[in-house]
Amino acid sequence: MKLEDLEWQSRTLGGTSPRLVTMLVERGEVELLVQAASERGEWFCAQAAARELSRAGEVERALGVLEPFIEAGWNRARWERAEVLLEAGKVQQALDAVRPDEEGLASEWVCHDFAELLAKAGRLNEAITVLTPHLDREWILSTLVELTEGQGRDEQVLELIAPHAERARSARGEERWGLHPSNAQELQAQVLERAGRVDEAVRMLGADIAAGHFLVQNTLIAYAELLRRHGRVEELRVLGTDERADETLAYYARALEDDGQAGKAEAVLRRFIATAEYPDRFRWPLIELLARQGRFEEAVEVGQPTFDHHDACLFDGVIHLLHEAGRLDDALELLDERSAEFVEEHSSWFSSNRIWLLGEAGRHEEALAYAETLPPDTYGLTVSKAWILDEMGALRRPSPCYERTPKCGRRKWPSCSSGMAAPLKPLPECPPSPNSMRPADGVMRPRRPTGAPTTLPSEGCCRRP
């Protein structure tokens, strides 16, 4: 086992892909994962096997799976060992196994992981102490808010956030555009809200928005979300129909719908689509509104003008929507209507989603027949076929399609090296643009960084507005 091989697996999702590992876990193939970890040094197999063994109470076996990776110097294995020990009730041993030294405490990444472990161990005071030196980073400040939710620490958290929020308020006027953390104001409002001080949160964040005392669009979106959660329709009307309509109209429309005024919400959205200079950004909230009313044909019609766009394309979202509504044949029909140019340009996305939809529709033989027409090195094909076979109950033991590349000794998995294009569950999305996201609540808002890996190759099929 070589450290460079483990780094390669982690960096490229190489070896046995996380998606294939998930499928094996769901099938109860823990022993196969243990075997792959010990014989081939497959990190994702080792990680999953250790977790499953730990949940089953087989602590020593779980630790044994991880030990060769720890001996190889693989740091992530040390953290997995700590999780196993913690789950086994060996709290002090778990914390001591990964307790950072002075150099580690200077790393926001190490402190984040250690703080999460401390919180799980019930040592929240220590977790807060570990995070505090790094609160000038957005994701660390968010972690502080997340770890303290429901723990009676809201006043303490507000005190820690306050100076960062004040700096963010003054940054635009001082032209300090790169100020961190830029999310302090929205997090301050979030903690006030959960502490029951909603009016204060609305008043404070509303004043910041009105005065332009904020740095990033996410702060504006956080205010719109806050208003919607608490039924502040009039405030949303003012916010959603002024010069900030591009970002906030969808929230106003959804608030109207929540208030029993779906007709008015539809009319407002259609008016902006008809008159706005860039109308496509208003199409998605209307599509979902129509879908919630069962008007799927109209929803597809609203999205249709964008289906061949490279930017602001809603095709992927509409396919999702039809799938979620159980209209699988409609989704497949829409997919098969794409031009030859579209299919060629987005071949991996198209083939993986077509196989997945056929499988979800119970058309397994058709899915396999289609898969056989694809080039063997099609991205994600092996995992897609394995899933179909598993759905049919025909998969006895997965074929690893494993081979070594002689020059570097690393694994070469030509069709399942990442597994990301193979849509197991849920249906994968096209990679969004920085200004696009379609969340479950039906309101479009900017994607916020979560640190999670993307679920498709970078080519995608289209990008939403």
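Quantities reported herein were computed from a predicted structural model and do not represent experimental measurements.
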Point-to-point distance, once rounded to the nearest 0.5 Å, from [atom1] of [X] to [atom2] of [Y]:
X	Y	atom1	atom2	result
N75	E80	CG	CD	11.0 Å
Y252	F272	OH	CZ	9.5 Å
Q9	C45	CD	SG	8.5 Å
D246	Y278	CG	OH	9.5 Å
K264	L269	NZ	CG	12.5 Å
R194	E149	CZ	CD	5.0 Å

Mind running side-chain contact (heavy atoms from CB on, under 4.5 Å) on H230 and E193 for me, showing each step along the way? CA-CA 10 Å; H230 297 281; E193 180 187 18; 2.7 Å; yes

What do the steps show when you test E247 against R281 for salt bridge (charged side-chain N to carboxylate O under 4.0 Å, His left out), and what is the final call? CA-CA 9 Å; E247 294 82 17; R281 66 174 59 249; 5.2 Å; no

Begin with the C-alpha distance, continue with both residues' side-chain angles, and end with the deciding distance and a verdict on salt bridge (charged side-chain N to carboxylate O under 4.0 Å, His left out) for R11 and E4. CA-CA 10 Å; R11 184 178 66 255; E4 68 166 2; over 6 Å; no

Does the pair [X]/[Y] count as a salt bridge with the N-to-O cut at 4.0 Å?
X	Y	value
R363	D329	yes
R327	E297	yes
E225	R228	no
E83	R51	no

Is there a side-chain contact between [X] and [Y], using heavy atoms and a 4.5 Å cut-off?
X	Y	result
L131	L147	yes
Y379	S347	no
R137	H112	no
L328	L322	no

Between the side chain of [X] and the main-chain N/O of [Y], is any donor-acceptor distance below 3.5 Å?
X	Y	answer
E42	T16	yes
S17	L20	yes
S107	V110	yes
T306	L314	yes

Test side-chain contact (heavy atoms from CB on, under 4.5 Å) applied to W74 and E7, step by step: CA-CA 8 Å; W74 188 233; E7 290 171 347; 3.7 Å; yes

Ring center gap for W109 and W139 short of 6.0 angstrom: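 Ring-ring flag for W109/W139: true, centres closer than 6.0 Å.
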
Ring centroid separation for F214 and Y223, is it under 6.0 angstrom?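 Ring-ring flag for F214/Y223: false, centres at least 6.0 Å apart.
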
Flag for Q185-T219: side-chain donor and acceptor within less than 3.5 Å: no

Does the side chain of H323 come under 3.5 Å of the side chain of E360 through a donor N or O and an acceptor N or O?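 Present: a donor and an acceptor within the cut-off.
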
Could you walk me through whether T248 and L227 pass the side-chain contact (heavy atoms from CB on, under 4.5 Å) check? CA-CA 11 Å; T248 58; L227 293 175; over 6 Å; no

After noting the C-alpha distance and the side-chain angles of S10 and R76, does the key distance pass the side chain to side chain donor-acceptor pair (under 3.5 Å) rule? CA-CA 10 Å; S10 179; R76 292 177 62 182; 2.7 Å; yes

